[in-house]
Amino acid sequence: MKIDTFKYDNRIVRAFAIATVIWAIVGFTAGLLAAVQLFWPEANLNLQYTTFGRLRPLHTNAVIFAFVGNGMFMGIYYSLQRLCKARMFSDALSWLNFWGWNAIIVAAAVTLPLGITTSKEYAELEWPIDIAIAVVWVAFAVNLFGTIIRRREKHIYVAIWFYISCAITVAVLHIGNSLVIPASLFKSYPIYAGVQDALMQWWYGHNAVAFFLTTPYLGLMYYFLPKAAGRPVFSYRLSIIHFWALIFIYIWAGPHHLLYTALPDWAQSLGMVFSVMLVAPSWGGMLNGLLTLRGAWDKVRQEPMLKFMVVAITAYGMATLEGPLLSIKSVNSLSHYTDWTIAHVHTGALGWNGFLTFSILYWLFPKLWNTKLYSVKLANWHFWLGLMGIMFYAIPMYWAGVTQGLMWKEFTPDGFLRYPNFLETVLQLIPMYRLRAIGGTLFIIGACIGAYNLYRTAKSGKFEPDTEAQAAPLSDNPHPTGTGHRWLEAKPMLLTALSAVAILIGGAIEVIPLYLIKENVPTITSVKPYTALEVLGRDIYIREGCVGCHSQMVRPFRSETERYGEYSKAGEFVYEHPFLWGSKRTGPDLHREGGRYPDAWHYNHMENPRSTSPGSIMPPYPWLLTQKLDTNALPARIAALRKVGVPYPDGFENGPAQKELEAQARKIVGNLQLGMISNTPPDAEIIGMIAYLQRLGTDIKAAPPQAGITPATDQAVATANP
Amino acid sequence: MIKNVLSDIGGVGLYGIASVLLFFLVFSGAIVFALLKKKSFLNYMGALPLSDGTETDSKKQTDSLHE
């Protein structure tokens with residue numbers, strides 16, 4: 001029999017490994033800085049670039065795409081070559097993947113602090129960067145499939161199935177959610193509006209968690225855990241069921257991010273049912289991982305790598321039990337918009353992704369540098385500091401989430417809100433925010449110790465750029481037990497097609513009604529497009545990341561209609577490109593903000609929130625008072641909005657829009673003068689912001705009573721929520 | 001309002017039924033598919049990460065950590 005001798009490429013694995021360590025510390029630190037600002041707003045350094053609203057997307061992108069992304073590629077490039085018994089298909093594509101991906105991250109790190117953002121969570125990057133992501137992702141996919149086709153091992157191990165599903169689904173999601181019409185190089189508007197945009201975003205957002213943070217990491221678990229434990233996976237059968245059930249269910253679950261919003265109820269229920277079912281495959285996978293260690297638990301005591309792995313898998317189990325729980329509508333009515341969600345995602349990010357990545361790094365560095373780990377003691381320190389960090393992060397956030405959720409809903413015996421001032425419910429949480437920052441600090445100290453340990457490990461050894469291996473080519477290597485039912489593993493393209501079909505069916509059934517809804521959202525005739533000044537104001541709202549702390553979605557509960565006003569209707573969002581419903585209320589909901597306060601209040605509040613709301617943790621926005629509105633951008637923006645479907649009259653942007661803008665701005669300046677604020681130029685950004693805030697949720701108030709719209713109070717009784 | 005949307009989409013119940021039915025078929029298919037695998041094959045597949053054409057043991061790793 002002919003035997004090939006070939007070499008595994010370790011250089012690319014090393015590059016991704018170093019990148020993941022560096023980005024880990026960057027991403028965690030950005031998170032810590034953002035967390036500190038929630039009890040000490042001055043930690044924004046008095047700079048617009050480092051204020052919470054812009055820092056938060058930087059943190060999430062750095063952790064998800066930079067830290068986990070590089071970690072994922074590191075693990076895939078190492079394991080894929082060995083599972084396929086082949087070098088990567090193309091070294092050039094490998095390096096395009098590495099440099100392209102990291103250049104995109106640098107672009108994100110520059111644009112997000114500058115306020116260049118689409119505002120859609122985990123898809124904040126603007127369209128030129130989106131195109132670059134698509135190109136790099138295709139390079140990765142071609143490299144992945146090329147390697148699989150050139151493999152010398154007939155059967156495709158389950159880890160590779162998870163990698164394939166990641167490559168296919170992320171491409172579909174990214175393209176689907178990034179369809180925009182550009183207004184300029186760094187500004188665009190999504191083609192979807194309101195309800196459709198929300199459904200598309202959370203179809204993407206949820207599956208980004210599924211197919212970027214979960215499935216590739218499960219693949220890594222299925223490879224590195226047996227490797228470290230020195231024993232095969234507990235049940236390969238279970239892993240097959242785990243894979244198919246997981247990818248098929250995950251794709252449906254997105255609407256659980258939109259429970260009790262203006263999304264049609266049937267879509268919410270569909271999302272809820274599939275989310276609850278998700279617990280089955282998730283726990284199947286978790287048990288499969290933990291049981292792989294049967295008879296090898298003594299090793300867990302000794303090997304830091306396995307300690308990290310066990311906590312990672314346990315965190316996966318906890319997060320995947322909690323996720324379905326949070327998707328139950330009655331639980332969600334309490335948890336949504338609170339810190340409970342923050343606790344949930346950090347159990348996943350710090351525990352599952354964080355610890356699994358560290359686990360692989362501790363295993364990989366001694367292998368790549370042909371040495372032993374520099375210090376087991378330091379690795380143990382990292383482990384305990386990291387674990388304490390997770391605890392100090394998650395427990396206060398659970399506490400804060402439940403506390404605030406209950407406070408929002410509490411009524412006095414007379415039927416009034418017990419805490420009518422939103423700020424009261426925030427101030428209650430400040431001690432928890434401080435504890436959370438301690439947790440984050442512990443986690444970062446652990447990560448720094450880990451980075452030092454890995455650096456010293458590398459220094460003590462000699463890097464092996466290529467590992468030589470031998471295997472028979474595929475044609476000469478029939479499987480010893482014949483073919484039987486194993487045809488699927490041997491056919492990568494069929495496997496790919498089937499997984500693509502699985503996720504596309506789920507996606508299609510979710511997305512097709514999206515277009516049906518478009519024709520069926522009851523039109524509210526008084527809902528009109530934004531004025532020119534409001535468009536510019538709304539773009540500032542997007543730039544500053546206000547959506548990170550303020551929702552614009554009043555749910556149909558009495559506790560919300562009492563606090564904010566009429567609950568939000570689907571028909572109110574038909575011109576919202578993008579939707580700004582938000583997912584967290586660090587500050588109050590703003591959908592009914594229009595007309596609530598005088599213009600001067602907003603001016604003072606933006607200049608210094610604590611002058612109007614003592615104790616507020618909102619950062620000041622003094623730059624809005626001095627920076628000029630970008631009126632030159634107006635024509636292109638109006639034209640782009642018209643293209644996505646907002647009915648501005650032809651030629652509106654060439655004259656009428658500017659006139660209308662000036663008139664509205666002068667009126668606001670006049671109102672400010674009434675409030676003893678003089679000398680505000682009519683082209684200051686604050687004027688646009690005030691115009692937008694004063695418009696929010698007001699259109700419906702001008703509407704004549706309509707058949708089919710249930711009064712808020714009846715609706716609240718119907719939902720029977722306390 | 002939600003009721004209006006519901007009643008205006010023709011056959012909205014179909015989506016729920018179709019999704020659960022599809023899931024049931026895929027899930028059952030996966031179980032049958034997995035159950036039909038032969039033990040020898042499953043053992044072979046399960047051990048794949050341990051044979052990558054280079055040295056395979058993790059014992060060396062463990063030992064090296066504690067030398």
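Since the structure is predicted, the reported quantities are computational estimates derived from the model, not experimental observations. Letters A, B, ... are given to chains in the order of the sequence lines, protein chains preceding strands, and every chain is numbered from 1.
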J.: Hey, does A/Ile241 have a side-chain heavy atom less than 4.5 Å from the side chain of B/Phe27?
T.: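 Touching, per the 4.5 Å side-chain cut-off.
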J.: Just to verify, what does A/Phe243 make a ring-ring contact (aromatic ring centres under 6.0 Å, His included) with, not counting sequence neighbours?
T.: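 Result, ring-ring contact (aromatic ring centres under 6.0 Å, His included) vs A/Phe243: A/Trp161, A/Phe162.
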J.: I want to check something: taking the side chain as every heavy atom from C-beta on, are B/Ser51 and A/Lys85 in contact at a cut-off of under 4.5 Å?
T.: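 Answer yes - side chains close enough.
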J.: Checking A/Phe248 against chain B: side chain, backbone, both or neither under 4.5 Å from a heavy atom?
T.: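 Contact with chain B is through the side chain of A/Phe248 alone.
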J.: Roughly how far apart are A/His155 NE2 and B/Leu48 CG, rounded to 0.5 Å?
T.: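 A/His155 NE2 to B/Leu48 CG: 8.5 Å, rounded to 0.5 Å.
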J.: Under the rule for ring-ring contact (aromatic ring centres under 6.0 Å, His included), what residues qualify as partners of A/Phe234, not counting sequence neighbours?
T.: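 So A/Phe234 forms no ring-ring contact (aromatic ring centres under 6.0 Å, His included) with any residue.
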J.: Please state whether the side chain, the backbone, both or neither of A/Leu306 comes within less than 4.5 Å of a heavy atom of chain B.
T.: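 Interface part for A/Leu306: neither.
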J.: In Å, rounded to the nearest 0.5 Å, how long is the span from CG of B/Asn43 to OH of A/Tyr236?
T.: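 Taking CG in B/Asn43 and OH in A/Tyr236, the distance rounds to 12.0 Å.
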J.: Counting only heavy atoms closer than 4.5 Å, note whether A/Phe224 contacts chain B via side chain, backbone, both or neither.
T.: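 A/Phe224 has no heavy atom closer than 4.5 Å to chain B.
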J.: Going from CG on B/Leu42 to CD1 on A/Ile240, what distance comes out if it is rounded to the nearest 0.5 angstrom?
T.: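 Output value for this atom pair is 6.0 Å.
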J.: Heavy atoms only, distances under 4.5 angstrom: which of B/Gly29, B/Ala30, B/Ala47, B/Ala34 has the most pairs with chain A? Name it, please.
T.: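 Of the candidates given, the most pairs with chain A belong to B/Ala34.
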J.: Measuring from A/Arg82:CZ to B/Leu50:CG, what's the distance to the nearest 0.5 Å?
T.: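 Output value for this atom pair is 14.0 Å.
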J.: Minimum heavy-atom separation for B/Met45 to A/Ile156, with atom names?
T.: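 Looking at all heavy atoms of both residues, the closest pair is CE-O, 3.5 Å.
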J.: Looking only at heavy atoms, which two atoms of B/Gly46 and A/Pro232 are closest? And how far apart?
T.: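 Where B/Gly46 meets A/Pro232 most closely, the heavy atoms are O-CB, 3.4 Å.
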J.: Could you grab the distance from atom NZ of B/Lys37 to atom CZ of A/Arg237, nearest 0.5 Å is fine?
T.: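 It comes to 10.0 Å.
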J.: First locate atom OH of B/Tyr44, then atom CD of A/Glu153, and finally report the distance between them rounded to the nearest 0.5 Å.
T.: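 Output value for this atom pair is 3.0 Å.
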